[in-house]
2 protein chains.
Amino acid sequence: MKIALDALGGDFGAKPNVLGAIKAVAEFGCEVILVGDENAIKEELAKAPKYDESKISVIHATEAVDMAASPARECRQKKNASIVVCAQLVKDGKADAMISAGNSGATMVAGVFVLGRINGVSRPAIASPMPTQKGVAVIIDAGANADCKPLYLLQFAVMGSIYSNIAYGVQNPLVGLMSIGEEEGKGNILVKEAAKYMRRLGINYYGNIEGRDVHGGMIDVVVCDGFTGNIMLKLSEGLAKSLFHMIKAQLKPRPLCALGALLAKPAFKAVKDSTDPECYGGAPLLGVKGPVIICHGKSGPNAIYNAIKVCGRLVENNAAKIIEENIAALKPVFDELGGEDA
Amino acid sequence: MKIALDALGGDFGAKPNVLGAIKAVAEFGCEVILVGDENAIKEELAKAPKYDESKISVIHATEAVDMAASPARECRQKKNASIVVCAQLVKDGKADAMISAGNSGATMVAGVFVLGRINGVSRPAIASPMPTQKGVAVIIDAGANADCKPLYLLQFAVMGSIYSNIAYGVQNPLVGLMSIGEEEGKGNILVKEAAKYMRRLGINYYGNIEGRDVHGGMIDVVVCDGFTGNIMLKLSEGLAKSLFHMIKAQLKPRPLCALGALLAKPAFKAVKDSTDPECYGGAPLLGVKGPVIICHGKSGPNAIYNAIKVCGRLVENNAAKIIEENIAALKPVFDELGGEDA
């Protein structure tokens with residue numbers, strides 16, 4: 001298996017990409033093509049621990065996609081942008097999957113415009129891991145589609161269910177529709193319309209869920225439009241951070257409390273570790289031909305390593321084919337809502 | 001000042017309403033009309049500490065509004081529903097404001113159908129307090145309008161700004177538009193359209209904010225549709241609860257950590273107290289004639305007391321009149337978007 005890794009992406013340059021790749025190569029025996037600034041990559045490789053040189057190659061590509069310009073034209077014209085090179089490698093069969101911690105918009109654009117949508121999928125969507133009390137839930141869509149139609153949500157439900165099973169090994173994942181009010185018929189127009197069709201998808205559908213249900217971990221897949229999903233993810237990130245800030249601020253003027261907190265630290269660290277999104281291998285763009293994984297800009301080596309791990313599962317299980325088959329089998333349902341290009 | 005308090009509402013019956021009312025009467029010298037099951041209320045009053053009997057009266061009303069039926073018809077026909085009686089007291093000038101910890105949908109319905117909308121306001125909205133690192137932000141709309149038009153968001157911004165100033169004393173509140181992506185032009189269709197007009201409202205407008213900005217406390221008023229707002233509030237509630245659960249679970253097998261946590265408890269309690277929504281006096285339905293405050297079903301006496309306190313500020317400052325004047329002054333802007341009944 002070969003992974004194209006955008007080593008130009010991410011806030012910390014080539015380093016975490018190189019280190020994550022080396023660890024993954026050693027453990028999984030996969031190959032990684034590092035795409036980016038050749039000098040920077042080779043410098044990091046030289047400093048890195050020993051690795052199997054036959055399994056890591058480098059392609060020089062330093063151009064960046066201009067997100068303000070037309071995405072399709074950018075992908076056509078900037079053939080030497082690292083993210084476009086990665087996508088082209090997958091398209092040409094020279095890599096099985098691609099990963100980037102760079103601009104997530106650019107990664108989406110490259111995925112959609114270079115690789116193309118899977119037949120029958122109306123809108124590719126980002127499936128992001130959200131740590132919960134019991135492990136991890138998949139939020140789909142986490143931001144690819146700010147405005148959605150009911151049909152898209154139905155397809156997100158199908159793709160999210162497949163992903164939860166393949167990436168996290170969840171048997172028969174429980175899928176919830178994000179809404180306000182638990183009763184069917186509660187929510188906005190989009191959700192109310194989508195809810196009418198959910199039980200026809202052959203997935204393990206729970207029904208409407210509310211905001212307070214997400215972190216408890218009762219649901220494996222949370223279906224929502226990309227506007228809602230993105231806000232949920234960033235809100236959770238911000239709240240967790242603020243809570244720890246507030247605790248710190250209250251400890252400061254209380255020496256005895258601060259001492260106690262020091263003693264309790266291992267427990268806090270355990271919580272922090274178990275809710276670290278880096279464990280969960282990034283967020284795939286589902287619905288495009290071939291695995292595309294978007295990592296957080298702040299990804300460290302471990303996040304890249306885990307993204308490669310999840311990538312491996314998607315490739316081995318042929319996730320794209322499973323999605324295509326499931327979407328095709330549900331065509332009659334989707335057609336009632338206007339079909340693929342609704 | 002007289003407050004009509006729905007003592008039938010809330011998960012804990014008459015008790016917290018009676019106790020909250022007694023405390024408020026003693027402190028603010030206001031009058032409270034307790035509306036609900038007369039026997040239950042009088043029983044609680046008999047058990048309660050001494051209070052000024054001239055300031056607390058009781059009206060017997062035990063009917064409940066059926067939320068599945070037509071709201072307008074329910075309000076017309078069930079004239080003896082406690083929430084309808086409260087609204088009618090305000091309408092008839094026999095009370096200055098109303099509060100309920102009962103079904104929030106029923107409270108909204110009574111507010112809108114009995115009291116009526118303020119002239120020029122397209123959709124009344126719920127302004128809910130969200131505790132932050134620096135105090136409290138106002139989320140508007142917190143769930144009254146699942147589907148919104150740009151015009152509504154603009155009016156929410158105006159009403160939320162007025163409320164933040166009156167209820168929490170914030171000078172020139174900073175108003176943010178909830179979106180994904182900070183740059184103007186990012187977001188869903190609704191937000192992108194609303195953003196174009198925000199700077200013409202004469203409020204202290206920050207621009208787009210993201211999910212991670214809310215709990216840090218940089219923004220005083222967060223403007224969003226009611227679907228997004230409701231999810232944000234419940235998600236925050238659920239996440240905070242889950243985090244404390246997870247910490248507890250990690251302490252259990254670590255005796256030394258558990259001891260440390262015990263020592264640190266006062267600091268945790270301080271954080272819990274400062275983020276307790278009960279401090280912030282419930283969530284008003286803004287845009288109806290006369291203050292209507294919706295309290296959490298789980299409200300204790302302190303939440304009711306604080307709701308009465310905020311009610312007092314809304315009455316004294318004539319919030320409804322200020323909203324009406326500000327909305328009227330902005331009519332030319334709103335007319336560009338289709339006007340009041342868009």
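By convention in this document, chain letters (A, B, ...) are assigned in the order of the sequence lines, proteins followed by strands, and residues within each chain are numbered from 1.
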The reported gap from CD1 in A/Ile126 to CD1 in A/Ile140 (rounded to nearest 0.5 angstrom) is 9.5 Å

Between A/Gln133 and chain B, which part of the residue has a heavy atom less than 4.5 Å away: side chain, backbone, both or neither?
both

Interatomic distance, CG@B/Asn230 vs CG@B/Leu235, rounded to 0.5 Å, equals 11.0 Å

Given 3.5 Å as the limit, does a donor-acceptor pair link the side chain of B/Glu210 with the main chain of A/Lys234, or not?
no

So, the part of A/Ala258 with a heavy atom under 4.5 Å from chain B: the answer is neither

So what's closer than 4.5 Å to chain B heavy atoms on A/Thr228: side chain, backbone, both or neither?
side chain

Shorter than 4.5 Å, heavy atoms on both sides: which option in A/Ile231, A/Leu256, A/Leu239, A/Val271 has the most such pairs with chain B?
A/Leu239

Compare all side-chain heavy atoms of A/Tyr168 with those of A/Pro129 and state whether any distance is below 4.5 angstrom.
yes

If I measure from the heavy atoms of chain B, does A/Ser179 come under 4.5 Å with its side chain, its backbone, both, or neither?
both

Using a cut-off of under 4.5 Å for heavy-atom pairs, which of B/Gly260, B/Gly238, B/Gly217 has the most such pairs with chain A?
B/Gly260

Under 3.5 Å donor-acceptor, B/Asn208 side chain and B/Glu183 backbone:
yes

Top of B/Lys272, B/Lys265, B/Arg254 for chain A proximity - count of heavy-atom pairs under 4.5 angstrom:
B/Arg254

So which part of B/Phe268 gets closer than 4.5 Å to some heavy atom of chain A, the side chain, the backbone, both or neither?
side chain

Given B/Pro266, B/Ser274, B/Ala261, the one with more heavy-atom pairs under 4.5 angstrom with chain A than any other is B/Pro266

In terms of heavy-atom pairs under 4.5 Å with chain B, the winner among A/Lys192, A/Glu237, A/Lys186 is A/Glu237

Out of the candidates B/Val175, B/Val221, B/Asp220, B/Ile219, only one should pair with B/Tyr206 under the side chain to side chain contact (heavy atoms under 4.5 Å, CB included) rule; please name it.
B/Ile219

I need the A/Asn145 CG to A/Phe227 CZ distance, nearest 0.5 Å.
13.5 Å

How long is the straight-line distance from CG of A/Leu285 back to CE of A/Met108, given to the nearest 0.5 Å?
7.0 Å

Could you check which of B/Lys252, B/Met232, B/Arg212 has the highest count of heavy-atom pairs closer than 4.5 Å to chain A?
B/Arg212

Among A/Cys257, A/Ala146, A/Ala270, the residue with the most heavy-atom pairs under 4.5 Å to chain B is A/Cys257

Between A/Ser164 (side chain) and A/Pro173 (backbone), is there a donor-acceptor pair under 3.5 Å?
no

In terms of heavy-atom pairs under 4.5 Å with chain A, which of B/Met246, B/Met178, B/Lys248 leads?
B/Met246

Under the side chain to side chain contact (heavy atoms under 4.5 Å, CB included) criterion, do A/Asp225 and A/Phe156 qualify, and how do the steps go?
CA-CA 9 Å; A/Asp225 64 84; A/Phe156 298 168; 5.8 Å; no

Pairs of heavy atoms under 4.5 Å with chain A: top-ranked of B/Thr132, B/Asn188, B/Leu263
B/Asn188

Determine the option with the most heavy-atom pairs under 4.5 angstrom with chain B, choosing from A/Gln250, A/His215, A/Lys241, A/Lys269.
A/His215

